[in-house]
Amino acid sequence: MAAAAAAGHLTRGAFGAFTLRAPRSLTALKTRQCSSELATQRDEKPQRSPFRPAVSTTHDWIGPPNPLSNIRPIVYHVPENESQLERRLRHLRQETEDWNHDFWTQQNISFSQEKEEFIFSQLKGRGLTVLDEEGRRRSLNSEEMAVFYKRFLDTNRIRHRDYNREWYRRNFTITLLMARVALKHMWRTVTERYNRPPSTS
């Protein structure tokens, strides 16, 4: 049961129950086709939208969730008279956004493909088709799926560990840069007020 509960952490976004709505003669073919398509998607570098907001924009732009990574793409605002420190922060945030998108795209595709293959192989081993005699899809119970979830976690343990380490490292650096930018803005505001000539009545 613990493995089943941990399944929510396997991918970014929820996957519904697996289903193949095809006659018996087409089930194996469709499974091979789906696996081939998922493998092709996994091997290809995820594409990001080339859209960029107008220069006059004053806020970050956030798009709808990507269908593969389930992550909302962000285009960060470029402030006027951007300093080198601000540019470094913006580039790191955008690079981290792209890195995170790429990781979860590959992770979700791998999860879906391996889950599909596991369910199909379990049913095939019992001499069953995906659809029963009344056309309803067959499914595996939570204990049976726990075997897959645990295996997937074990197989990707090192990959997940490395991802978490890199995620914390990037966010720590981003936090430090944001603090430096905030302090710089604060100091500039104080300096401008101090150097402002006194108003005359």
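In this chain, numbering begins with 1 at the start of the sequence shown.
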Roughly how far, to the nearest 0.5 Å, is the [atom2] atom of [Y] from the [atom1] atom of [X]?
{"X": "Phe111", "Y": "Trp104", "atom1": "CZ", "atom2": "CH2", "value": "10.5 Å"}
{"X": "Glu117", "Y": "Phe148", "atom1": "CD", "atom2": "CZ", "value": "9.0 Å"}
{"X": "Ser121", "Y": "Glu116", "atom1": "OG", "atom2": "CD", "value": "10.5 Å"}
{"X": "Ser139", "Y": "Gln122", "atom1": "OG", "atom2": "CD", "value": "13.0 Å"}
{"X": "Phe103", "Y": "Ser69", "atom1": "CZ", "atom2": "OG", "value": "12.0 Å"}
{"X": "Thr155", "Y": "His160", "atom1": "OG1", "atom2": "NE2", "value": "9.5 Å"}

Single-linkage hydrophobic cluster [X]~[Y], side-chain heavy atoms < 4.5 angstrom:
{"X": "Trp99", "Y": "Leu92", "value": "no"}
{"X": "Leu89", "Y": "Val78", "value": "no"}
{"X": "Leu140", "Y": "Leu128", "value": "yes"}

[X] side-chain N/O to [Y] backbone N/O, donor-acceptor pair under 3.5 Å:
{"X": "Arg72", "Y": "Ile62", "value": "no"}
{"X": "Asp60", "Y": "His77", "value": "yes"}
{"X": "Gln94", "Y": "Ile74", "value": "yes"}

* Show your working on side chain to side chain contact (heavy atoms under 4.5 Å, CB included) between Glu95 and His91 and close with a plain yes or no. => CA-CA 6 Å; Glu95 180 187 336; His91 285 175; 5.9 Å; no
* Asked: How far apart are the closest heavy atoms of Pro73 and Pro64, and which atoms are they?
  ->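 Closest heavy-atom pair between Pro73 and Pro64: CD-O, 3.0 Å.
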* Asked: Looking at residues at least two apart in the chain, or sitting in another chain, which of them share a salt bridge (Lys or Arg N to Asp or Glu O under 4.0 Å) with Arg159?
  -> none
* Asked: Residues in salt bridge (Lys or Arg N to Asp or Glu O under 4.0 Å) with Arg93, at least two apart?
  ->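 Residues passing salt bridge (Lys or Arg N to Asp or Glu O under 4.0 Å) with Arg93: none at all.
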Would you say [X] and [Y] make side-chain contact, with heavy atoms under 4.5 Å?
{"X": "Met145", "Y": "Asn141", "value": "no"}
{"X": "Asn66", "Y": "Asn70", "value": "no"}
{"X": "Arg157", "Y": "Leu153", "value": "no"}

* Would Arg151 and Phe118 count as a side chain to side chain contact (heavy atoms under 4.5 Å, CB included) if you check the C-alpha gap in whole Å, the side-chain angles of each, and the deciding distance to 0.1 Å? -> CA-CA 11 Å; Arg151 186 178 70 184; Phe118 176 81; 3.5 Å; yes
Return the set of residues passing side-chain contact (heavy atoms from CB on, under 4.5 Å) with [X] (not counting sequence neighbours), or none when no residue passes.
{"X": "Glu134", "result": "Asp132, Arg136"}
{"X": "Ser83", "result": "Leu85, Glu86, Lys184"}
{"X": "Ile158", "result": "Arg161, Asp162"}

* To do: Begin from the C-alpha positions of Thr129 and Leu123 and carry the test side chain to side chain contact (heavy atoms under 4.5 Å, CB included) through to its verdict.
  => CA-CA 6 Å; Thr129 60; Leu123 293 176; over 6 Å; no
Distance-only check: which donor-acceptor pairs under 3.5 Å involve side-chain atoms of residues 170-179, not counting sequence neighbours?
from	atom 1	to	atom 2	distance (Å)
Arg170	NE	Glu166	OE2	2.9
Arg170	NH1	Thr96	OG1	3.1
Asn171	ND2	Trp167	O	2.8
Thr173	OG1	Arg169	O	3.0
Thr175	OG1	Asn171	O	2.7

* Ionic contact status for Arg126 with Glu144, cut-off 4.0 Å -> yes
* Asked: Are Glu133 and Arg138 ion-paired here, with the side-chain N under 4.0 Å from a carboxylate O?
  ->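 Yes, this pair counts.
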* Can you establish whether the number of heavy atoms outside Arg180 located under 6.0 Å from its atom CZ is more than 12? => no
